[in-house]
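Working notes for the structure below.
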Amino acid sequence: MSQSNSQSNDEHPELAEAADQSVDRSATTAAYATTAASTGSSRCGYVAIFGRPNVGKSTLLNRLLGQKLAITSHKPQTTRHTILGVSTLDAGQILYVDTPGLHQRGGNALNRYLNRAARSILTDVDLVLFVIEALQFGDEDALALAEIAKAGTPTIVAVNKTDRIADKARLLPFLQSLSERHGFVSMVPVSATKGDQIKRLEAEVLAALPEGEHLFPDDQLTDRSERFLAAELLREQLMQRYGQELPYRTTVEIESFTLEAPSRKRQSEGPRARIHALIWVERESQKAIIIGRRGEALKAAASQARLEMQKLFGRPVHLEVWVKVKDSWSSDEAALASLGYGEY
């Protein structure tokens, strides 16, 4: 899988001005790439994308990478696993680690796992990219910031969803207040959805990383397997298509993932991925909802997931999906481990 680093060229000087007026910055990092190229130096390091649920962390990761890797939806807690995204630039390599949203809601085994997965990464990275929503800073944001302070890792703030703020001057007092909460490296107002200020954020992140050689091949996008990504893309359809609570009671397991040699008529297509997937739910009534009348709901979800897999993998995909019941799997530590939630 290869990556593209194209981003929106839209620039918003008022956003840059807002960030500059709210916090002192030690250097003009937008010119770092030119300097690095002339000196032959390179930077490389791990960056945790961290924050409460539903602030746009996964959307931001995809924007920074220039292509879709992490699944997204409008529902909070869509991300359940840490996901590495490799961004290779002329001046260095940024290793972004998307994390589950740190939250206070719920106390079952899955929720505890998500919080542990998020917290565990903070001391293992070179930089934290703390994502918050513009003009919003609640209890869960404060909880996330407290974890950052405890870890002591240098932190840049990405103030996301600025495209929803008509009067950008309203950001100034918000950013000033935010700068008084912690000694951030810098703060950058962005829109992950529109691409605003993404290049500036990227430059800030790169400048904050240590000098070092690339740790991954330049054309590598992630260290996650296609098997893992296939499960995520199917789960994304469950998050997007079903009611508020049902997606949180579902998970996806890839029972088998094999590559088949193409037929003589389809030699140009390359190997085809044959994937057998299981959707696990907690009750029979949930199984019926997932399948839908005459299996139409499940067929639609699987069809769209297959198209997303083909786009990401760059090869034909044959996908077969079944739905099974595993009672209260989200509250059972052993069940979670058996379904792939044992490691971060």
- Query: Does E232 pair with R235 as a salt bridge, N-O distance under 4.0 Å?
  - Reply: yes
- Message: Once side-chain hydrogen bond (donor to acceptor under 3.5 Å, both in side chains) is applied, what residue pairs with a partner in residues 291-302 remain, sequence neighbours excluded?
- Response: none
- Message: Distance check, rounded to the nearest 0.5 Å: S120 atom OG versus Y113 atom OH?
- Response: 8.5 Å
- Note on the structure: The side-chain hydrogen bond (donor to acceptor under 3.5 Å, both in side chains) partners of D141 (sequence neighbours excluded) come to R52
- Message: By the ring-ring contact (aromatic ring centres under 6.0 Å, His included) test, which pairs, at least two apart or in different chains, include something from residues 190-221?
- Response: none
- Taken to the nearest 0.5 Å, the spacing of T82 OG1 from I49 CD1 works out to 11.5 Å
- First locate atom CG of L127, then atom OH of Y96, and finally report the distance between them rounded to the nearest 0.5 Å. 9.0 Å
I'd like a table of donor-acceptor pairs (distance under 3.5 Å, sequence neighbours excluded) in which one partner is a side-chain atom from residues 309-318, with atom names and distances.
| from | atom 1 | to | atom 2 | distance (Å) |
| --- | --- | --- | --- | --- |
| Q310 | OE1 | R306 | NH1 | 3.0 |
| Q310 | OE1 | V317 | N | 3.1 |
| R315 | NH1 | E226 | OE1 | 2.6 |
| R315 | NH1 | E226 | OE2 | 2.9 |
| H318 | NE2 | R274 | NH1 | 3.2 |
| H318 | NE2 | E320 | OE2 | 2.8 |

- Message: Using 30° and 60° as the class boundaries, would you call the ring planes of H276 and W322 parallel, tilted or perpendicular?
- Response: perpendicular
- Shortest non-hydrogen contact from A305 to L233? CB-O, 4.0 Å
- Side chains of T251 and L336 in contact at under 4.5 Å (non-hydrogen atoms): no
- With a 4.0 Å cut-off, would you call K326 and E253 a salt bridge? no
- Atom CZ of R170: over 12 foreign heavy atoms under 6.0 Å: no
- Item | Minimum heavy-atom distance between A277 and I254, given as atom pair plus value | CB-CD1, 3.8 Å
- Message: Minimum heavy-atom separation for T88 and P217, please, with both atom names.
- Response: OG1-O, 4.4 Å
- Task: Please assess T250 against Q286 for the test side chain to side chain donor-acceptor pair (under 3.5 Å), listing each intermediate value before the final yes or no.
- Result: CA-CA 9 Å; T250 64; Q286 295 167 349; over 6 Å; no
- Would you indicate whether the side-chain heavy atoms of E147 and K150 approach each other to under 4.5 Å? yes
- Task: Measure across C44 and G212 and return the closest heavy-atom pair with its distance rounded to 0.1 Å.
- Result: CB-O, 3.7 Å
- Task: Could you tell me whether D167 atom CG has more than 12 heavy atoms of other residues or ligands within 6.0 Å of it?
- Result: yes
- Message: Could you check whether any side-chain heavy atom of Y341 comes within less than 4.5 Å of a side-chain heavy atom of L110, counting everything from C-beta outward?
- Response: yes
- Task: Just jot down the side-chain hydrogen bond (donor to acceptor under 3.5 Å, both in side chains) partners of T72, sequence neighbours excluded, or say none.
- Result: none
- Can you name the side-chain hydrogen bond (donor to acceptor under 3.5 Å, both in side chains) partners of S58, sequence neighbours left out? T79, D98
- For N111, which of R116, Q104, H103 qualifies under side-chain hydrogen bond (donor to acceptor under 3.5 Å, both in side chains)? H103
- Ring centers of F228, H81 separated by less than 6.0 Å: yes
- Do L135 and K161 pass the side-chain contact (heavy atoms from CB on, under 4.5 Å) test, and can you show the C-alpha distance, the side-chain angles, and the key distance before you say yes or no? CA-CA 9 Å; L135 305 185; K161 304 186 182 182; over 6 Å; no
